[in-house]
Protein chains: 2
Amino acid sequence: MPALPKPANRREGLRRETLALILATAERIFAEHGFKGATMQAIADEARLPKANLHYYFPTKQDLYRQVVERIFNIWLDAAESFDTTASPQEALTTYIRKKMEISRSHPYGSKVWANEVIHGAPIIHDYLETTLTEWTETRIKVIERWMDEGLIDRINPRHLLYMIWATTQHYADFSHQIVTLNDSKEMNDQQWADATECVTRIILAGIGAKRGG
Amino acid sequence: MPALPKPANRREGLRRETLALILATAERIFAEHGFKGATMQAIADEARLPKANLHYYFPTKQDLYRQVVERIFNIWLDAAESFDTTASPQEALTTYIRKKMEISRSHPYGSKVWANEVIHGAPIIHDYLETTLTEWTETRIKVIERWMDEGLIDRINPRHLLYMIWATTQHYADFSHQIVTLNDSKEMNDQQWADATECVTRIILAGIGAKRGG
DNA sequence: CGTCAACCTGACCAGATGGTCAAAAGAAAT
DNA sequence: ATTTCTTTTGACCATCTGGTCAGGTTGACG
């Protein structure tokens, strides 16, 4: 996430706006229809741009898709940082879960695109999984093992704890249609999101034998 | 799941074999490429049938897709039955989680198709969500509430407990590529599946304050 | 064996879609 | 004002894909 320098001139500013508009629209369309189901024409229409203009900024559909996915990965990385390797299990996990739930609420389309990508074998982002994600996971597993060695939590397989957190938090974004349907066809409100976050955190912490607020 | 009567003759037998072959192949291709990404030609090639033959049995791609999804839903319903409403929390949840993990292992393609469908707004199965799934969920929520009233488990929001179980168990199928990558690029073996099931069950049970084996 | 219905299949078509291009329009620099 | 570079855009094309169809093949049945 490089801090972006301010636009040098009118052109540069417009260019950024257009890029942002295209990326945001594309994220939604890719999330709703999948890579193949999304068409450049549909993205163009939603963004109110001629299709040829999209191809000016992103030569191919794959280029556009890749940038959408990379943006999402960076958001994920930000949240991943909040898994503080120096904090107590309670602090680290509570913060991490909250952050992930917030992402599910604020970036539902991104989460869906990511899910889609992984479900279909991660053809575009396979290298990310093998490098960045693997490294991140290994270091966190070591942290969790240390917690167990120090008797701060029960002995469990750290891998499955992580999967459980990922699966559950992302479920609220990826399966939002199912959740909405089961919620009287209403979007979850602030209170319900807070309730979900609290409930998930509590079950996870109790599940691994970590006292809360400790 | 109607018990199928035995084929009356050679023709009937062949017909069933062909139907089963097409459905199984389609399930895999739909899982790997999504609805739009999967082509009738690809399914035909994989099944070693002429494309026109597919259209003989399934007039349109949507018909084929719908039947694939319906088959998956029935498998889900079977597992759902194992959430015994009369058993203790430990029994009911342990069995249910085990059953769902088994499905994730034995029907990974089906799970992926389902996930895809829900992620994209469940255009085909929306009626299932609104009827069968809603009813099932309501009855199970009542059961969980009874457990809480009887002091068998802690007070939590039953809805989120269910979401957690669904999310986590299905994660092993839907995100298998990620899991394999993080597992030294090897498929999970018998021991690892048993380990995962045990670990998930333990965290959930402890998470809601239910003693194990009780 | 003959008839009929079910089944199979190569060839074909219409529409959709990713991508191209040349020309026009607009901003920046001189 | 003129030149130069970036951006915009409508028209166009090659390819892919779902679906059709006419004619051939096969099994059931009397």
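Below, chain A is the first sequence line, B the second, and so on; all start at residue 1.
B/Phe58 places its CZ atom 16 Å from the C1' atom of C/dC8, with the value rounded to the nearest Å. One can place CG of A/Leu54 at 12 Å from C1' of D/dT9, the figure rounded to the nearest angstrom. Taking atom OH of residue A/Tyr56 and atom P of nucleotide C/dG26, one finds them 15 Å apart after rounding to whole Å. Separating the CG atom of A/Asp45 from the C1' atom of C/dA16 is a distance of 13 Å, rounded to the nearest angstrom. Straight-line distance from the CD atom of B/Glu12 to the P atom of C/dA5: 18 Å, rounded to whole Å. Nucleotide D/dT7 holds its C1' atom 16 Å from the CZ atom of A/Arg16, rounded to whole Å.
Of the candidates A/Arg98, A/Lys99, A/Lys100, A/Arg105, A/Arg98 is the only one forming a salt bridge (charged side-chain N to carboxylate O under 4.0 Å, His left out) with A/Glu102.
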Sub-3.5 Å pairs of nitrogen or oxygen atoms, protein against nucleotides 15-17 of chain D:
none

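Every side-chain hydrogen bond (donor to acceptor under 3.5 Å, both in side chains) that A/Gln192 has, sequence neighbours left out, goes to A/Asn183. Partners of A/Gln178 under the side-chain hydrogen bond (donor to acceptor under 3.5 Å, both in side chains) rule, at least two apart in sequence or in another chain, do not exist in this structure. For B/Thr169, the side-chain hydrogen bond (donor to acceptor under 3.5 Å, both in side chains) criterion is met by no residue, not counting sequence neighbours.
The stretch residues 131-147 of chain B participates, sequence neighbours left out, in these salt bridge (charged side-chain N to carboxylate O under 4.0 Å, His left out) pairs: B/Glu138-B/Arg159, B/Arg146-B/Glu150.
Closest to the B/Asn53 side chain, of the nucleotides C/dG18, C/dC8, D/dT8, is C/dC8. Listed candidates were D/dG19, C/dG10, C/dT20. Nearest to the side chain of B/Pro50 is C/dG10.
Across all strands, B/Tyr57 comes closer than 4.0 Å only to sugar-phosphate atoms, never to a base (heavy-atom distances).
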Output a table of donor-acceptor pairs, distance under 3.5 Å, between side-chain atoms of residues 43-51 of chain A and any protein atom two or more places apart or on a different chain; print 'none' if there are none.
residue, atom, partner, partner atom, Å
A/Asp45, OD1, A/Gln41, NE2, 3.1
A/Glu46, OE1, A/Arg28, NH2, 2.2

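Residue A/Arg15 places none of its side-chain N or O atoms closer than 4.0 Å to OP1 or OP2 of D/dT6.
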